[in-house]
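All values derive from a computational prediction rather than experimental measurement.
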Amino acid sequence: MIKRKRKIHVVWILLLTVLSVVYIYPIFMILINSLKENSAITTAGAFTLPTSETFAGLENFVDAILSKGFLQSLGYSTVITLTSMAAILILCPMCAWFITRLENKFTKGLYLLFVLSMVVPFQMVMFTLSQTADRLNLNTPWNIWIIYLGFGAGLAVFMFCGFMKSIPVEIEEASLIDGCNPIQTFFLVVIPMMKPTMISVGILEAMWLWNDYLLPTLVLDIKKYMTIPMLIQYFRGSYGKVEMGPMMACIILTIIPIIVVYLIGQKHIIKGVAAGAVKG
């Protein structure tokens, strides 16, 4: 019996190792191509390692940063990600607290609407959304967070509600007896206990916000504002020639920040998802 369990354990390790290699391989190919000259990627092939003749060093990275307005696009993506995350992490826990503590038909219907919003495909509303954003002037990096709040609230409220149900009401009642008003109770008592879920939601939403391409393309004015995912699509030279080397370098520079954020908070994601989806 023990030998059988060991064999199954070894099989699972091999299987997961193969899956990990499959997922990491595209990133590895982007990395090695970002170190090669542009002509070597198209002629010698994208699947070969750089040689002394094709190795470009940091030339592609310098070109990616200086030639297409990378720093400006980086600033726009950072503003959009931070403002949208702040709105989601402040407003959605408040909504979840209201739903879980005031149980009636209205709050139950409101919760179902948030859950339903996760099911509705973005393609069903994108054209109407684009027109509405133009009419309300929500087409700049400074106020697009209002739109992202609407799309990100479904998952956030769902997870926050799941965790909120596991918090005993008696703790909040005790804080009220000690002299806290509802706002103080929420920010000083409830929010600290929600730390794992807050971190989990923050990282998941940040990955989505940072890498999103379709919504900024539909809403923002491309001539004025261009996020990092949008910038990657414009590494084209004359006659439609794609600058593959700088493009690959730009992709590497784009994924590094979000990978660092994920690695720092990965242990909290598991805790937060489990707490938000299972408890209650």
Side-chain angles (χ1 to χ4, degrees), residues 20-85 130 139-145 147-148 203-266:
S20 300
V21 171
V22 170
Y23 279 104
I24 294 175
Y25 180 74
I27 300 177
F28 174 73
M29 294 307 303
I30 294 174
L31 177 60
I32 64 172
N33 282 299
S34 67
L35 300 174
K36 294 192 296 186
E37 295 181 356
N38 191 62
S39 58
I41 300 175
T42 56
T43 57
F47 300 97
T48 59
L49 294 174
T51 62
S52 58
E53 297 179 354
T54 62
F55 183 70
L58 298 178
E59 181 181 345
N60 290 327
F61 291 90
V62 174
D63 191 13
I65 294 174
L66 300 179
S67 64
K68 302 294 182 180
F70 176 84
L71 295 178
Q72 186 177 19
S73 297
L74 180 65
Y76 291 143
S77 292
T78 303
V79 169
I80 292 173
T81 302
L82 292 180
T83 54
S84 301
M85 278 183 57
S130 178
N139 51 3
T140 69
W142 323 112
N143 53 22
I144 195 177
W145 62 267
I147 301 176
Y148 274 117
I203 294 175
L204 293 175
E205 299 287 3
M207 294 173 63
W208 161 56
L209 293 166
W210 184 264
N211 296 315
D212 189 29
Y213 170 77
L214 186 56
L215 180 57
T217 303
L218 290 172
V219 175
L220 298 180
D221 187 350
I222 299 178
K223 296 180 180 179
K224 294 182 179 180
Y225 312 108
M226 191 177 297
T227 61
I228 292 294
M230 297 164 64
L231 177 70
I232 294 175
Q233 302 299 318
Y234 285 84
F235 277 92
R236 298 179 180 275
S238 58
Y239 304 104
K241 182 180 178 181
V242 182
E243 301 174 22
M244 296 297 296
M247 178 185 289
M248 298 296 178
C250 186
I251 293 174
I252 293 296
L253 294 172
T254 302
I255 65 178
I256 287 176
I258 204 66
I259 289 178
V260 172
V261 171
Y262 181 81
L263 291 177
I264 293 174
Q266 60 177 337

OG1/Thr227 to CG/Leu74 distance, rounded to the nearest 0.5 angstrom?
11.0 Å

Side-chain donor/acceptor of Asn139 to backbone N/O of Asp221, under 3.5 Å:
no

Tell me if the CD1 atom of Ile259 is crowded by more than 12 foreign heavy atoms within 6.0 Å.
yes

So the ring-ring contact (aromatic ring centres under 6.0 Å, His included) pairs with at least one residue in residues 207-229 (sequence neighbours excluded) are Tyr76-Tyr225, Tyr148-Trp208

Determine the minimum heavy-atom distance between Val22 and Pro26, stating which atoms define it.
O-CD, 3.1 Å

Between Met85 and Ala206 the two heavy atoms that sit nearest each other are SD-CB, 3.4 Å

Let's go through Leu220 and Ile80 carefully: what are the C-alpha distance in whole Å and the side-chain angles of both, what is the deciding distance for side chain to side chain contact (heavy atoms under 4.5 Å, CB included) to 0.1 Å, and is it a yes or a no?
CA-CA 11 Å; Leu220 298 180; Ile80 292 173; 4.1 Å; yes

If you take all heavy atoms of Val79 and Pro141, which pair is closest and at what distance?
CG1-O, 3.7 Å

First locate atom CD1 of Ile228, then atom OG1 of Thr78, and finally report the distance between them rounded to the nearest 0.5 Å.
7.5 Å

Backbone N/O of Leu31 and side chain of Ser34: donor-acceptor pair under 3.5 Å
yes

Residues in side chain to side chain contact (heavy atoms under 4.5 Å, CB included) contact with Phe28, at least two apart in sequence or another chain:
Ile32, Leu49

Should Val261 and Pro257 count as side-chain neighbours, where that means a heavy-atom distance under 4.5 Å?
no

Which residues share a side chain to side chain contact (heavy atoms under 4.5 Å, CB included) with Leu66, sequence neighbours left out
Val62

First locate atom CE of Met244, then atom CG of Asn33, and finally report the distance between them rounded to the nearest 0.5 Å.
7.0 Å

One should read off an interatomic distance between Met207 CE and Ile203 CD1, to the nearest 0.5 angstrom, of 8.5 Å

Measure the spacing between CD1 of Ile147 and OG of Ser84 and express it to the nearest 0.5 Å.
9.5 Å

Give the intermediate values and the outcome of side chain to side chain contact (heavy atoms under 4.5 Å, CB included) for residues Leu35 and Asn60.
CA-CA 7 Å; Leu35 300 174; Asn60 290 327; over 6 Å; no

Rounding to 0.5 Å, atoms CG (Leu204) and CG (Leu209) come to a distance of 11.0 Å

Under the 3.5 angstrom rule, does the side chain of Thr83 hit a backbone N or O of Trp145 as a donor-acceptor pair?
no

Please confirm whether the backbone N or O of Glu59 pairs with a side-chain atom of Asp63, one donor and one acceptor, at under 3.5 Å?
no

